[in-house]
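Every heavy atom of this structure was used, including side-chain atoms; hydrogens, water molecules and symmetry mates were not. Each ligand, and each atom within it, is numbered from 1 in the order the structure gives.
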Amino acid sequence: MSAHEASSMTDRGLRVVAEGRVQGPEPSNPGIPFAADPIEGLRVNLAAAERRTSALAGRRTVKKDWQAAWLVRALQCIDLTTLSGDDTAGRVRRLCAKAMHPLRADLQAALGLADRRITTGAVCVYHRFVATAVDALQGSGIPVAAVSTGFPAGLSPLATRLEEIRASVADGAEEIDIVITREHALTGNWRALYDEIRACKEACGPAHMKTILGTGDLQTLRNVGRASWVAMMAGSDFIKTSTGKESVNATLPVTLIMIRAIRDYREMTGHVVGYKPAGGISTAKDALAYLALIKEELGNDWLQPNLFRFGASSLLADIERQLDHHVTGRYASFSHHAMA
Ligand SMILES: O=C[C@H](O)COP(=O)(O)O
């Protein structure tokens with residue numbers, strides 16, 4: 001198939017990207033005073049959650065000619081992440097270069113998007129590399145997200161975690177991904193969890209706060225739902241599943257519980273909270289299943305980077321590979337794509 005044929009084939013789908021609002025509503029959540037009722041009253045039906053989500057992964061969620069547009073949108077929602085012990089300034093700079101130009105120019109042109117500025121949603125790094133990333137991304141409008149609370153365990157003293165948040169904001173991070181003390185959730189000490197997250201929110205100042213629940217550590221979906229409520233009541237701008245370091249990271253059933261909590265919280269308070277699944281999401285097919293669930297449960301407003309992000313280190317490579325296939329009809333090897 002020629003690039004021109006592929007381009008007309010995807011035109012209809014890509015109009016969604018071209019005309020869709022990339023800058024839709026922002027999260028706006030000042031939080032509310034601690035309330036025990038939404039936590040104590042929360043019930044979760046595990047079997048129903050699994051039934052609701054099991055079909056998504058298998059079914060063709062989007063028809064072929066819309067897939068390219070959905071995949072480009074998924075790409076725009078990625079927090080392109082490197083969180084390894086062997087991270088270096090050089091690796092972070094390469095990651096930032098990729099975030100600014102996530103699609104090869106020929107591929108972007110073949111998709112009819114040559115005149116669009118397509119970037120990832122953010123770059124996510126350890127505090128040590130915030131200044132490097134801010135410098136590398138200068139002028140791009142791409143925010144830097146920092147994991148700044150003794151990531152990934154989050155067990156350093158609260159004062160140290162708050163200081164780390166303030167230091168990341170001072171270095172230019174516009175988003176802070178905080179990690180909760182899982183012990184508070186596991187022991188039902190919801191008030192302590194609320195106070196801790198509230199203190200982090202204050203330390204974030206103008207930066208958006210994404211609260212990582214460490215859902216794989218929380219033992220039950222009910223705890224996931226309750227921790228989601230506490231995080232939102234305490235003022236989180238986003239709630240996020242995982243650090244990527246737990247043995248189980250983002251899953252669709254966990255997503256269902258968290259996004260329904262977002263929906264119910266908005267109904268109760270009018271406040272809008274974003275969602276970030278993270279960890280282990282590495283294929284375009286996975287990404288499509290998440291987008292389908294978000295669309296069905298929260299609606300189109302959440303299908304844009306202001307309210308939805310994938311925390312992922314390798315998802316971009318597969319998305320680019322699938323888009324390449326869409327355009328050329330052939331699969332390139334992973335090594336063909338930069339940062340693969
Ligand atoms: O928040 C992002 C995660 O740490 C990335 O996890 P991943 O490497 O499994 O994609």
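In this structure, K201 contributes its side chain and G235 its backbone to a donor-acceptor pair below 3.5 Å. Listed for the T243 side chain is a donor-acceptor partner under 3.5 Å among the backbone atoms of K245.
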Practice item. Might you work through the salt bridge (charged side-chain N to carboxylate O under 4.0 Å, His left out) test for K285 and D318, ending with a clear yes or no? Key: CA-CA 9 Å; K285 194 173 159 207; D318 193 53; over 6 Å; no
Practice item. Give the C-alpha distance, both sets of side-chain angles, the deciding distance and a yes or no for side chain to side chain contact (heavy atoms under 4.5 Å, CB included) between F310 and L291. Key: CA-CA 10 Å; F310 288 112; L291 292 183; 4.1 Å; yes
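Among all non-hydrogen protein atoms, the one lying nearest atom 5 (C) of ligand 1 is G311 O, 3.8 Å. Among protein heavy atoms, the minimum distance from atom 7 (P) of ligand 1 is reached at S313 OG, 3.5 Å.
The proximity of K240 to ligand 1, defined as any non-hydrogen pair under 4.0 Å, is limited to the side chain. The side chain of A278, and not its backbone, has at least one atom closer than 4.0 Å to an atom of ligand 1 (non-hydrogen atoms only; side chain from C-beta on). Neither the backbone nor the side chain of V147 has any atom closer than 4.0 Å to an atom of ligand 1 (non-hydrogen atoms only).
Compare T243, L316, T82 by their heavy atoms: the one nearest to atom 3 (C) of ligand 1 is in T243.
The distance from ligand 1 to the heavy atoms of T81 drops below 4.0 Å at these ligand atoms: 2 (C). When each atom of ligand 1 is checked for a heavy atom of L83 under 4.0 Å away, the hits are 4 (O). Taking a cut-off of under 4.0 Å to the non-hydrogen atoms of G279, the atoms of ligand 1 that pass are 6 (O), 9 (O).
You'll find the side chain of E174 stays beyond 4.5 Å of the side chain of V144, heavy atoms only.
When all heavy atoms are compared, the tightest approach of T120 to L316 is CG2-CD2, 4.4 Å. Taking each heavy atom of L303 and R73 in turn, the nearest pair found is O-NH1, 2.9 Å.
Here W302 and Y275 keep their ring centres 6.0 angstrom or further from each other.
Looking at ligand 1, you'll find an N or O of G280 within less than 3.5 Å of one of its N or O atoms. Remark: ligand 1 and K276 share no N or O pair separated by less than 3.5 Å (distance only, no angle test). Considering backbone and side-chain N/O of S242, none are found under 3.5 Å from N/O of ligand 1.
Proximity of A312 to ligand 1 is established by a heavy-atom distance of less than 4.0 Å.
Distance CG/L111 to CG/D106: 9.5 Å, rounded to 0.5 Å.
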